[in-house]
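Just below is one structure, and these are the notes that go with it.
Worth knowing before you read on, the calculation uses all heavy atoms, side chains too, and leaves out hydrogens, waters and symmetry mates. Count residues from 1 along the sequence. Values in this document were obtained by computation on a predicted structure and should not be read as measured data.
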Amino acid sequence: PSAAGGAAERVPHRSVEHAGGLEGLPGGAPRMTPEQFLDALARLSLSRADAARQLGVTRGAVTLWAQGKRPIPGTVVELIRLWLSKEETE
């Protein structure tokens, strides 16, 4: 409620993915295709179940990303790229 006692105005929420993402903008969210995601899991020797545990998400979420049914969150992309870079330096 507002200070005047009326209902607060609701602003529609749109996620970054639904708004078209931030790709191309400075500091924009990194992108990864489902094929790149699956390749990264293979290079890291992670099953979908293992990836879900390591990322703190459900196996269903990993499956949706792998099938391209949901965009892969930028934080997940960054973490996977960090894991890959660590693998390359070991």
Side-chain angles (χ1 to χ4, degrees):
S2 67
E9 182 178 336
R10 294 177 83 60
V11 177
H13 176 265
R14 288 183 62 184
S15 69
V16 170
E17 290 84 11
H18 291 109
L22 297 175
E23 191 172 61
L25 296 177
R31 297 284 181 222
M32 180 176 279
T33 66
E35 293 79 16
Q36 292 169 325
F37 179 67
L38 290 171
D39 181 60
L41 295 187
R43 289 173 52 197
L44 293 165
S45 301
L46 288 175
S47 68
R48 290 182 187 185
D50 292 335
R53 279 191 291 278
Q54 292 293 322
L55 293 166
V57 299
T58 65
R59 187 180 183 287
V62 173
T63 297
L64 290 172
W65 300 334
Q67 293 174 345
K69 293 182 178 178
R70 292 284 187 275
I72 302 163
T75 52
V76 169
V77 174
E78 290 177 19
L79 189 54
I80 289 174
R81 289 187 177 153
L82 177 66
W83 291 344
L84 288 170
S85 69
K86 189 174 179 183
E87 286 283 315
E88 292 171 1
T89 60
E90 291 181 354

Query raised in the report: What's the shortest heavy-atom distance between Pro34 and Gly68, and which atoms?
Result: CG-CA, 3.4 Å
Report task. Of all the heavy-atom pairs spanning Ala40 and Leu84, show the shortest one and how long it is. Result -> CB-CD1, 3.8 Å
Query raised in the report: Any idea which heavy atoms bring Leu41 and Ala51 closest together, and the distance?
Result: CD2-CB, 3.7 Å
Query raised in the report: Do Ile72 and Leu64 share a hydrophobic cluster, counting only Ile, Leu, Val, Met, Phe, Trp and Tyr and linking them when any side-chain heavy atoms are less than 4.5 Å apart?
Result: no
Query raised in the report: Does Arg48 CZ have over 12 foreign heavy atoms under 6.0 Å away?
Result: yes
Requested in this report: Over all heavy atoms of both residues, which pair between Val57 and Val62 is shortest? Give the atoms and the distance, please.
Outcome: CG2-CG2, 3.8 Å
Query raised in the report: What distance do Arg43 atom CZ and Leu38 atom CG have between them, rounded to the nearest 0.5 Å?
Result: 13.0 Å
Query - Within-4.5 Å side-chain heavy-atom neighbours: Thr63 and Arg59 - result: yes
Query - Rounded distance (nearest 0.5 Å) linking atom CD1 of Ile80 with atom CG of Leu44 - result: 7.5 Å
Query raised in the report: Do Gln36 and Arg31 come within less than 4.5 Å of each other through their side chains, counting heavy atoms only?
Result: no
**Report entry** Note, Leu55 side chain near Trp65 side chain (heavy atom, < 4.5 Å)
**Finding:** yes
